[in-house]
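Below, chains carry the letters A, B, ... as their sequence lines are ordered, and counting in each starts from 1.
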Number of protein chains: 4
Amino acid sequence: MEFRDKQAIYIQIADYFGNNILKDIWKADEKVPSVRQLAVELEVNPNTVMRTYNHLQENNIIYNKRGIGFFVSPEAKKILTEDLKKQFIEVELPELYRKMKLMGITNDDLVEMLSKINA
Amino acid sequence: MEFRDKQAIYIQIADYFGNNILKDIWKADEKVPSVRQLAVELEVNPNTVMRTYNHLQENNIIYNKRGIGFFVSPEAKKILTEDLKKQFIEVELPELYRKMKLMGITNDDLVEMLSKINA
Amino acid sequence: MEFRDKQAIYIQIADYFGNNILKDIWKADEKVPSVRQLAVELEVNPNTVMRTYNHLQENNIIYNKRGIGFFVSPEAKKILTEDLKKQFIEVELPELYRKMKLMGITNDDLVEMLSKINA
Amino acid sequence: MEFRDKQAIYIQIADYFGNNILKDIWKADEKVPSVRQLAVELEVNPNTVMRTYNHLQENNIIYNKRGIGFFVSPEAKKILTEDLKKQFIEVELPELYRKMKLMGITNDDLVEMLSKINA
DNA sequence: GTGGTCTAGACCACC
DNA sequence: GTGGTCTAGACCACA
């Protein structure tokens, strides 16, 4: 994992978790790596991983079993999907619309541009 | 100005400038508000406005006439448009694509959603 | 046993013991479940149960007959009652008083609320 | 401020904030001490204070103005009151009831005990 | 072994 | 001056 600058590492790790869960790579009630283990893997300070885990736990994405570790919460996927949709509809879509209008990009142009990425 | 926003205030001001220029509200070689005046208007520290102006000047969006004030540079609109396009194609479009795929939104869905905003 | 709870598991088990004794479900000199048996029942590590038993033994709630098992100590009920009262008077009551004052709940309100639980 | 052991310092600081807001010592949109300042006052590491502030911010008790500091959120008092009530009704009241029953304390006994604290 | 908390000290962007 | 993030290292309780 290589970290983009500009965004906090602990957030990037959280996003990585979100993706893994949304893509069904990590399923409900599965154990996620321990704090120390992940810290070694990502070459990051354990505190930073801990911060990610706290963040995810507060948002009910993961939960903790005392002395055993962290696990993917059963509601994780639902929560992540809803958050994504809400963010998309309320923030990103209007912003996209605004920019398209500003640059004179039509819906057809947009679809064509997206097809090129696909290819 | 939204202090509670996560984006830097001086960037928010710069965006405001960009919009005004792109929408032809401010045209080439027109004078923009003075630092002090804008600081009072936006209820912001003058240093912060100065920072915006420096930033815009470095990017040739505005230019300075000593003792008179700042003016919209003739190339401003062109530069802003190009920046916008570059950012759009290289960053936002791929990100849009990624999220659509993650949420299972098709091109048709997207066009329909955009139409709803228009309405 | 609720692993996700913030309270230590061995304490939760100890509380469970205390309740059983106070409610006369387990009486003086009666045998309590073996460590292994209880560990299986509660789906808990035997070490954790052992820890509970050590804890209870230190507080004279249970005693041990070598090779036979653990038994409810004759003074168990008295000790538990006294601990409960002490904790109640010195810690919980003042805390209750503090919160009632903070929320503007009167003694009458409290009695009424308690009656509702009873019903 | 002297810290009780057993409970995390950053939580104790958060509780202290809650009390100050509930008692109207700190009012809506008032500035709270800066991270560094409070750290010095409480003789605690700034990271610990930061942790408290993050915690409070996530719960909309305080908000942040970039480069200026943290402020009491307008909804802070309402949120705190509701949390307190919810916790009281759903957790503490049933627990109180359970213990009273276990120890044979009547409503009248309870009221009398509370009066003694008052005196 | 697991997480949880805290300290110390550093560096950064921003106002 | 403000917050925000990260590292390094330590100590603790718990399973």
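- Atoms CZ (R66(A)) and P (dC12(F)) sit 17 Å apart, rounded to a whole Å.
- With hydrogens and angles left out, the side-chain atoms of R98(D) and N19(C) include a donor and acceptor closer than 3.5 Å.
- What you find for A39(C) and N45(C) is that their closest heavy atoms are CB-C, 4.4 Å.
- The two residues T48(B) and I13(B) make their nearest non-hydrogen contact at CG2-CD1, 4.4 Å.
- Not a single donor-acceptor pair under 3.5 Å links the side chain of E92(A) to the backbone N or O of L96(B).
- Residue-level contact check: N64(A) touches the backbone only, with heavy atoms under 4.0 Å from sugar-phosphate atoms and none from bases.
- Remark on DNA chain F: of its neighbouring residues I68(D) and G67(A), the 5'-side contact belongs to I68(D), judged by nearest-heavy-atom nucleotide.
- Here the shortest heavy-atom pairing between I11(B) and Q7(B) reads CG2-NE2, 3.5 Å.
- Nearest-nucleotide assignment on DNA chain E puts the 5′-proximal partner with F70(A), out of N47(A) and F70(A).
- Interatomic distance, CG of L80(C) versus CD1 of I21(C), reported as 5.5 Å (0.5 Å rounding).
- Think of the region where chain D sits on DNA chain E: with heavy atoms and a 4.0 Å cut, that region ends 5' and 3' at dT5(E) to dC15(E).
- Stem analysis of DNA chain F (Watson-Crick or G-U pairs, both distances under 3.5 Å, runs of at least three) returns E:1-14 with F:1-14.
- If you take CD1 of I13(C) and C1' of dC14(F), they are 12 Å apart, rounded to a whole angstrom.
- In plain terms, the two heavy atoms of T52(B) and A14(B) that are nearest each other are CG2-N, 3.7 Å.
- The residue among N54(A) and R36(D) whose nearest nucleotide of DNA chain E is located toward the 5' end is N54(A).
- Smallest separation of non-hydrogen atoms from F3(D) and L42(D): CE1-O, 4.0 Å.
- Projected onto DNA chain F by closest heavy-atom contact, Q7(C) and R51(A) fall at different nucleotides, the more 5' of which corresponds to R51(A).
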